Amino acid sequence: MMKLFAYHDSSGNIAGLAFSPTDDAIPAEVTTERQPGIRATEVQIPTGVTLNPDDPQSVYQELGKLVADYRVEQGSLAKKT
């Protein structure tokens, strides 16, 4: 089971994401910025988003899109309006 963690501020703005392809793997941090008040939340991978651990380049691209297009609301990813 894949895990996705969002690092975000109190307003839900995503500062970084970490993706782990299995339950027992250590998440690989993809994008982070050191900021005070950052929280980590495990979130579901949105429908239609494919994170293939055998293709790291596509994982980075997909995670970049998630940072640009989503925010964290009530512990879940929500599309920015």
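Since the structure is predicted, the reported quantities are computational estimates derived from the model, not experimental observations.
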For [X], give me all partners under side chain to side chain contact (heavy atoms under 4.5 Å, CB included), at least two apart in sequence or on another chain.
{"X": "Ser11", "value": "Asp9, Asn13"}
{"X": "Glu42", "value": "Lys3, Phe5"}
{"X": "Pro56", "value": "Tyr60"}
{"X": "Thr41", "value": "His8, Val43"}

Subject >> Shortest non-hydrogen contact from Ala15 toward Ile38 >> reply: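 It is CB-CD1, 3.8 Å.
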Subject >> Which atom of Pro46 lies closest to which atom of Leu66, heavy atoms considered >> reply: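 For Pro46 and Leu66, the tightest heavy-atom pair comes out as CG-CD2, 3.8 Å.
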**OP:** Using the side chain to side chain donor-acceptor pair (under 3.5 Å) rule, collect all pairs that involve residues 45-56, keeping only residues at least two apart or in two chains.
**Re:**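 Applying side chain to side chain donor-acceptor pair (under 3.5 Å) to every pair that reaches into residues 45-56, excluding sequence neighbours, yields Asp55-Ser58.
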Subject >> Residue pairs passing the side chain to side chain donor-acceptor pair (under 3.5 Å) test where at least one lies in residues 72-81, sequence neighbours excluded >> reply: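 Output for this query lists Arg71-Glu73.
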Original post:
So do the side chains of Met2 and Ser20 get within less than 4.5 Å of each other, counting heavy atoms only?
Top reply: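 With C-beta onward as the side chain, the pair stays apart.
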Subject >> Val72 side chain near Ile14 side chain, heavy-atom distance below 4.5 Å >> reply: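 Yes, their side chains come closer than 4.5 Å.
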Subject >> Working for side chain to side chain contact (heavy atoms under 4.5 Å, CB included), residues Phe19 and Val59 >> reply: CA-CA 9 Å; Phe19 167 68; Val59 170; 4.0 Å; yes
**OP:** Enter the distance from Leu51:CG to Leu63:CG here, rounded to the nearest 0.5 Å.
**Re:**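 Going from CG on Leu51 over to CG on Leu63, the span is 5.5 Å.
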Subject >> Partners meeting side-chain hydrogen bond (donor to acceptor under 3.5 Å, both in side chains) with Asp69 (sequence neighbours left out) >> reply: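 Result, side-chain hydrogen bond (donor to acceptor under 3.5 Å, both in side chains) vs Asp69: none returned.
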